[in-house]
Amino acid sequence: EKSGYEHFMLKEIFEQPKSVHDTMRGRLLVDEGVIKMAGIWDHIEKFKNANRIIIIACGTSWHAGLIGEYLIEEYARIPVEVEYASEFRYRNPIITDKDVVIAISQSGETADTMAALKLAKEKGAFIYGICNVVDSSIARITDAGSYTHAGPEIGVASTKAFTAQLTILSLIALKLGKHNGNLGNADFMSLTAELDAIPKKIEDVLSSTHELVQNIAKDFVNATNFLYLGRGYNYPAALEGALKLKEISYIHAEGYPAAEMKHGPIALIDENMPIVIIAPKKGHYDKIVSNVQEIKARKGKVIAVVNNGDTQVSEMSDYVIEIPETSECFSPIVASVPLQLLAYYIAVYRGANVDQPRNLAKSVTVE
Ligand code: F6R
């Protein structure tokens, strides 16, 4: 069942060229310049007339939601809020029938997400599901939705479901943007071509970084803390990188928007603090360069995820992981892959049970 891989998690990491492709299959028709999504199209008036979109989720799915906010606001220009389901449901939120609520859930069974959706439904919102498990409870109570089609995810730490969620959110943002006229045809065509190329780029990253990341992991087996930093679209990718590491390796890790570093976390930086920094060329690169300078001035150990051929950040970094360039909005899909591998190998070298980390369950059906 693990097809020769040592763990389901590694198998699922390596499945991502296929799972991302499967998520787009039949939906992204690049040559025709069309994105087909029945769930959106059948309810396009709801989206068109929405005052705002509220995304609710937990954990990794919540991180995908944050990237969804950037995507939908940038390309469809619809205001988006992203909330933890557990907070949303208990804080007496303002919800009206002009709101569209999107729930993101791999399992489709998460108790808090389910309860938040029920509340939104009661208040008259249109509710939309992005689930991986077909016919799951969330998929059944939503008014419409899009399945991620990533295939069964067995490893407790979410990997391929996350990149599939990002793919669906990209499709939704581009489709809505094209439909409401905020995304011009030329931009739509180039973005869809770029999205179509993502599975191949993931494949390239897997083969070019697999061994390198294993070697990096060996140097951090005894680390007790990690910081993950990114800006823009890669800020949520930093949060997700940190979550992956903490849940399977039990090393404390925190993700931050890189600019927030100087508002607190910088106090932690010394020669014992590893800092993973996501620094693709497109996306506030110059700002990231200064963040890396600030870290190096305090002797932090920098593991940088940069684009192929990068020099500026690479020269200052202790470890460099190169990934191919893509549009800024899709870069978290590619950048997440080496971070998944890094968490995986650190955990494996520590002897942890990566597929079933302590205290965690694959689907959290109690609040
Ligand atoms: C992280 C992880 C959890 C889930 C969270 C939501 O790797 O697996 O944080 O993402 O419990 O689960 P779903 O997406 O099933 O609602």
Side-chain angles (χ1 to χ4, degrees), residues 7-13 15-16 19 23 55-68 82-89 101-118 120 127-142 145-169 228 236-251 253-255 332 336-337 339-344 346-347 352-367:
H7 296 98
F8 283 107
M9 183 177 173
L10 191 62
K11 171 177 178 259
E12 287 158 7
I13 291 172
E15 271 171 1
Q16 290 175 110
S19 53
T23 304
I55 298 178
I56 51 177
C58 305
T60 290
S61 299
W62 183 78
H63 295 152
L66 291 177
I67 295 171
V82 188
E83 298 224 30
Y84 284 118
S86 56
E87 288 299 315
F88 181 81
R89 63 182 284 207
V101 171
I102 300 180
I104 306 176
S105 177
Q106 188 287 128
S107 63
E109 302 296 341
T110 303
D112 277 320
T113 308
M114 185 72 181
L117 270 184
K118 282 186 178 154
I127 60 172
Y128 199 88
I130 298 177
C131 297
N132 193 45
V133 177
V134 174
D135 218 27
S136 52
S137 305
I138 290 172
R140 277 186 275 117
I141 74 148
T142 43
S146 307
Y147 284 116
T148 40
H149 296 311
E153 192 180 63
I154 311 292
V156 164
S158 187
T159 54
K160 65 173 180 172
F162 176 66
T163 47
Q165 290 164 347
L166 298 184
T167 305
I168 283 286
L169 290 161
Y228 283 71
L239 298 182
E240 174 59 11
L243 178 64
K244 274 312 68 107
L245 184 72
K246 69 187 125 186
E247 63 185 339
I248 60 171
S249 76
Y250 318 136
I251 295 173
E254 281 192 81
S336 292
V337 173
L339 302 190
Q340 295 166 348
L341 287 172
L342 183 66
Y344 173 80
I346 292 177
N353 183 352
V354 289
D355 278 340
Q356 292 200 295
R358 67 188 184 201
N359 309 337
L360 292 175
K362 185 66 189 160
S363 99
V364 185
T365 52
V366 292
E367 65 172 289

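Whatever order the structure lists ligands and atoms in, that order sets their numbers, starting from 1.
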List below, pair by pair, the N or O atoms of ligand 1 and of the protein that are less than 3.5 Å apart, including the distance to 0.1 Å; reply 'none' if no pair qualifies.
unit_1: ligand 1; atom_1: 7 (O); unit_2: Thr60; atom_2: OG1; d: 3.2
unit_1: ligand 1; atom_1: 7 (O); unit_2: Ser158; atom_2: N; d: 2.9
unit_1: ligand 1; atom_1: 7 (O); unit_2: Lys244; atom_2: NZ; d: 2.9
unit_1: ligand 1; atom_1: 7 (O); unit_2: Glu247; atom_2: OE1; d: 3.2
unit_1: ligand 1; atom_1: 7 (O); unit_2: Glu247; atom_2: OE2; d: 2.4
unit_1: ligand 1; atom_1: 8 (O); unit_2: Val156; atom_2: O; d: 3.1
unit_1: ligand 1; atom_1: 9 (O); unit_2: Thr60; atom_2: N; d: 3.3
unit_1: ligand 1; atom_1: 10 (O); unit_2: Thr60; atom_2: N; d: 3.1
unit_1: ligand 1; atom_1: 14 (O); unit_2: Ser61; atom_2: OG; d: 2.6
unit_1: ligand 1; atom_1: 14 (O); unit_2: Gln106; atom_2: N; d: 2.7
unit_1: ligand 1; atom_1: 15 (O); unit_2: Ser105; atom_2: OG; d: 3.4
unit_1: ligand 1; atom_1: 15 (O); unit_2: Gln106; atom_2: N; d: 3.4
unit_1: ligand 1; atom_1: 15 (O); unit_2: Ser107; atom_2: N; d: 2.8
unit_1: ligand 1; atom_1: 15 (O); unit_2: Ser107; atom_2: OG; d: 2.7
unit_1: ligand 1; atom_1: 15 (O); unit_2: Thr110; atom_2: OG1; d: 3.4
unit_1: ligand 1; atom_1: 16 (O); unit_2: Ser105; atom_2: OG; d: 2.6
unit_1: ligand 1; atom_1: 16 (O); unit_2: Thr110; atom_2: OG1; d: 2.4

* Say whether, by atom type as modelled, one donor and one acceptor occur between the side chain of Tyr228 and the main chain of Leu339 under 3.5 angstrom. => no
* So, do Val364 and Cys58 sit near enough that their side-chain heavy atoms are less than 4.5 Å apart? -> no
* **Greater than 12 external heavy atoms within 6.0 Å of Gln356's CD** => no
* Is the backbone of Thr148 close enough, under 3.5 Å, to the side chain of Thr23 for a donor and an acceptor to pair up by distance? -> yes
* Applying the side chain to side chain donor-acceptor pair (under 3.5 Å) test to Gln340, which of Lys160, Gln16, Glu12, Lys244 qualifies? -> Gln16
* To do: Might you point out which heavy atoms bring Ser61 and Ile104 nearest each other, and give the distance in Å?
  => CB-O, 3.4 Å
